[in-house]
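Below, chain A is the first sequence line, B the second, and so on; all start at residue 1.
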Amino acid sequence: MRNEKRFAGLRRLFSLPSTSRSIAREVDDEIRFHLENRVAELIQRGLPPDQARERALASYGDVGASRQELTSVDRRRLSRERWTMWLEAFRQDAGFALRVFRTQRGFAFASVLVFALGIGANATMFGVIDRLLLRPPAHIVDPANVMVIRYLRTYDGKVDAQDALSYPMYLDLVNTPGAFAGVAAYWDEELAVGRGLAARSISGRRVTASYFTTLGVRPRLGRFFAADEDVAPAANVAVVSYRYWQNALGGETSVLGQTLPIGDTKFTIIGVAPSGFAGVASDAPDVWIPHTSGLSVAAYEEWRRNRNGFWLLGVVRLAPGVARQVAAAAATRVLQAGLRQDGMSDDKLASQRPGIGFISVLPREAHAGDVAARVVALLGAVSFVVLLIACANVANLQLARGIARRREIAIRVALGVSRGRLVAQLLTESVVLALVGGIAAVFVGYWGGGFARGVLRGVADLSGESSIDTRVLAFTLVSAIAAGLLTGLMPALHAARSSVSTELKGGAREGGSHRTRVRGALLLVQTMLSVLLLVGTGLFVRSLRRIDTLPLGLEPSRALLVSVQTSGMKYSAVELSALYQRLLETARESPDVGAAALATSLPFNTSWAVRVRVPGRDSLPRVRDGGPYINEVTPGYFRTVGTRILRGRALSDADNADAPRVVVINESLAKLWWPGENAIGKCMKIGGDTMPCSEIVGIAENARRQSLIESESVQYFIPLAQSFRRNGNPPILLVRPRGDATAAIKTLRERLQSAAPNLPYVGVRSFDDLVSPQKASWRLGASMFAVFGGLALVLAAVGLYSVLAYDVAQRTREFGVRVALGARGSDVMRMVLARGIRTAVIGGAAGAIVALVAGRWVAPLLFRTSPRDPLVFTVVLTVVAVVALLAALIPAQRALRVDPIVALRAD
Amino acid sequence: MSAADEPMLLAGTLDLLVLRTLIWGPRHGYAIARWINESSRDAIQVEDRALYLSLHRLDERGFVVSEWALSENNRRAKFYELTAEGRRQLRIKERAFTHYVDAVLRILKAPEESPST
């Protein structure tokens, strides 16, 4: 038996086919040998050669098939053997590595920590990027054919695309023949469940019955809407999200058939959507209901006719084999015919060229031009840089350790360990460290994921999902192995290259100038990369500061928004207005409220315009963004939202329905229509020629209309009491608490909810919620860059410290000699400090140059900040220099304390 | 000779025969084929293709090892040799097969019984 083992071993050594080609050749040889012997035998028995050949082939069977099956069996065996051999080698090396680390706990711990931070940073960013930019929306079948509908119009030669559609536009697409396999529309709405103090608010999405079929999603439980369930009057049925089912409804299958009281209506739950399904949006609602729920047939007919209201979001699935452009052209034709029929003039059709466009839901296209998405991608690159720094750091530690291990390695080489095996062994050590670091990185990624999600709020809601999934784990594993190999490569090659004789001869002290140079270079690279990241941090922090201090003409962080969710309830306009009046009074009477007001338009949310005439003017100048935009407000509005009155007066309680009509205009409108004049006292006919004059009584500072970054918009404000419309938009209540606005949300909500018995859900949220998502990309950039930049700086500082400390330890003897020869302590100290400063200066300069070059790509992501901002560069370079000095200080002091007697006596 | 005339080889039996052939030392495939034919007095006609598949699979499972060496007529041939594990397998397979055949034979040779008990 021993004999056989040896035989097997020998075979492995000498005749194991090593490539798949040689396997095929051996199979061929074997079959040929067989056939030739058989033919020879048959000829010997007296058969003519050609017959012998035929017989031999016949008794063999299908030679081609045989060759294939034998080759595949052998290949399988070979690859299995290779794996076992490789795993066995790795197991041995890893075992050896662990024994080595047990004697060098400090080194192992430091390396694992650094790896964990570097790999963890990458795992975090990968999780976010994967979710945001790589994966198509979940549960959608064949997402490549699913498109978001956009309404295109041309103004001043520029194509303007908007996502909001009118109901007739949706019908136009439904009626486009042959182009679509499905057309669906939806919009989001907060829904109130229950009434009075027990009332809750849930997020709803009203969808056409075609929504789920167009996307091709399958229910987790039950069913989705049937085709006729959204025909007004719609069926009272609801589909709930997996999350809502689990968190609020108990997660049992018996949920089907239960009812959900939304508004005054009981909805029957007919299905549960699969976990993570959010349609083509980034966040899932709690419940889906038919879009026509609660709508009368008459109101539905009004929808079908109204081409001026834009509120639906649309999505289509292209019919098989129909190109996007073809479908868009077909839909545009139907749209234009509909617009013409509904009275749009040919001139307007020709100048605006209204049409339909499509954008794929695949992330690559859906996020093109999305600043936040680009910041996320940039941060992915940044996290990779952090990993590089971490690798450089560990490589540095390994090189230092390699010096200490020279004798061990030299002895092993002398004992006949091949250099290949030695490199493999050293690489394995590094990979083992990285793998342990990778395990720790999963925890870093878990916490980091939570942090990133918090920062991402406003860009995407990922709160419902775990930050660690199999893809993240796989990525972590791969990056750990890659980081381990990358890190170990240089030190391993280094160690393997060293010559046996010199290593064994020399004392432990001479560090080897080559190795020191490599370590110095690694240190420079680390410093350079840290500077790069810190400059990035600085630029984003500056952008965020600029956007935070942008004069908005509003103070969104000081105000709260109150709205009563009346969806699904029958309130007349009069009842509704009485309800809001009541809430306004309750809010005003609250001791901690400074001001409160009602408004029918809300900055950053809604704006609308009506016809305005100025007596004596044939035409009025217009601005590109349209307008002038009207807002109907109660007195106290300007104080509540924080808009200053520049001239004249604000609206007051005296401006009631019986008083003369008054209006406050904004600065831009005053400049546009009455340039160089005093606008106060002038007359505006709001609503058209037939309306009475509204006298301008005040001029307000400009305030934002829809976004943080927009051209000046022209606006005016009239008293709500003097509104000329019988039933306008339901108002919104704005409240300005005296202190911190967000802290007041809870008490205000409770007080308002009990202002009247049996009120529907009263929603209170911060005005800032409307604004802060628009700052998300800079906030994201600033905070994540700061984390990564800080990490990079710490790693570089630790690297510098360890190199200098090691250097000092190695040169104790030299310092001792110098001191003995009369050098002062401060000279020695200066030598060490100089090395640290040199690193900071050279690395800093290189980093600054790279940052200047790389600035080109970052510039579009910044806000009114030059990528060459001198302040940022100055601060970063100063910080790096100070940190380098601090890192050098401790080793320098140690050098100062060198006692020549002790130093020379050692060894 | 049509396929129907050939005695059917029971599943797994070929492996048993091949292992058994190797008990006296390394052989190449052709020798194994001949030995099976001859010792069964041509009663068992194994298709060569099946024989080689069996050999390679036994090799994969570690029951035999193979090595290229010179044949009796000085040509390069692939020799197969039993491993310890292969010997163990052979004993197990042999025992199982004998049990099986005995059982079959017992049924075939059983005296006719009267239906009434």
field: Structural part of A:Val63 lying under 4.5 Å from a heavy atom of chain B
entry: neither
message: Tell me if the CD atom of B:Glu94 is crowded by more than 12 foreign heavy atoms within 6.0 Å.
response: yes
- prompt: In this structure, are over 12 heavy atoms from other groups packed under 6.0 Å from A:Glu88 atom CD?
  reply: yes
query: Do B:Asn73 and A:Asn37 touch side chain to side chain, with heavy atoms closer than 4.5 Å?
result: yes
statement: For A:Glu30 and B:Tyr52, the nearest pair of non-hydrogen atoms, with its separation, is OE2-CE2, 3.4 Å
Table please: side-chain donor-acceptor pairs of residues 482-492 of chain A below 3.5 Å, with sequence neighbours left out.
| residue | atom | partner | partner atom | Å |
| --- | --- | --- | --- | --- |
| A:Thr487 | OG1 | A:Ala483 | O | 2.6 |

field: Over 12 non-hydrogen atoms of neighbours within 6.0 angstrom of CH2 in A:Trp83
entry: no
Under 3.5 Å donor-acceptor pairs involving side-chain atoms of residues 46-57 of chain A, not counting sequence neighbours:
none

- request: Side chain from CB out, backbone as N, CA, C, O: work out which of these in A:Arg80 comes under 4.5 Å of a heavy atom of chain B, or both, or neither.
  value: side chain
query: So with a 6.0 Å cut-off around CZ of A:Phe96, is the heavy-atom count from everything else above 12?
result: yes
query: Which bit of A:Asp74 is near chain B, if near means a heavy-atom gap under 4.5 Å: side chain, backbone, both or neither?
result: side chain
- prompt: Do B:Arg34 and A:Glu41 come close enough that some side-chain heavy atom pair is under 4.5 Å?
  reply: yes
- prompt: Any Lys/Arg nitrogen of A:Arg77 or B:Asp59 sitting under 4.0 Å from an Asp/Glu carboxylate oxygen of the other?
  reply: yes
For B:Asn37 against A:Arg38, the heavy-atom pair lying closest together: ND2-NH2, 4.0 Å
query: Would B:Leu53 and A:Ser66 count as a side chain to side chain contact (heavy atoms under 4.5 Å, CB included) if you check the C-alpha gap in whole Å, the side-chain angles of each, and the deciding distance to 0.1 Å?
result: CA-CA 7 Å; B:Leu53 186 57; A:Ser66 176; over 6 Å; no
- request: Answer yes or no: is there a side-chain heavy-atom contact under 4.5 Å between B:Trp68 and A:Asp29?
  value: yes
field: Atom of B:Gly29, atom of A:His34 and distance for their closest heavy-atom approach
entry: C-ND1, 4.4 Å
field: Residue B:Arg76 versus chain A: region with a heavy atom under 4.5 Å
entry: both
- prompt: Quick one: CG on A:Leu35 to CG on B:Asp48, what's the gap to the nearest 0.5 Å?
  reply: 7.5 Å
- request: Sort out for me which of B:His28, B:Glu60, B:Arg75 touches chain A most, counting heavy-atom pairs under 4.5 Å.
  value: B:Glu60
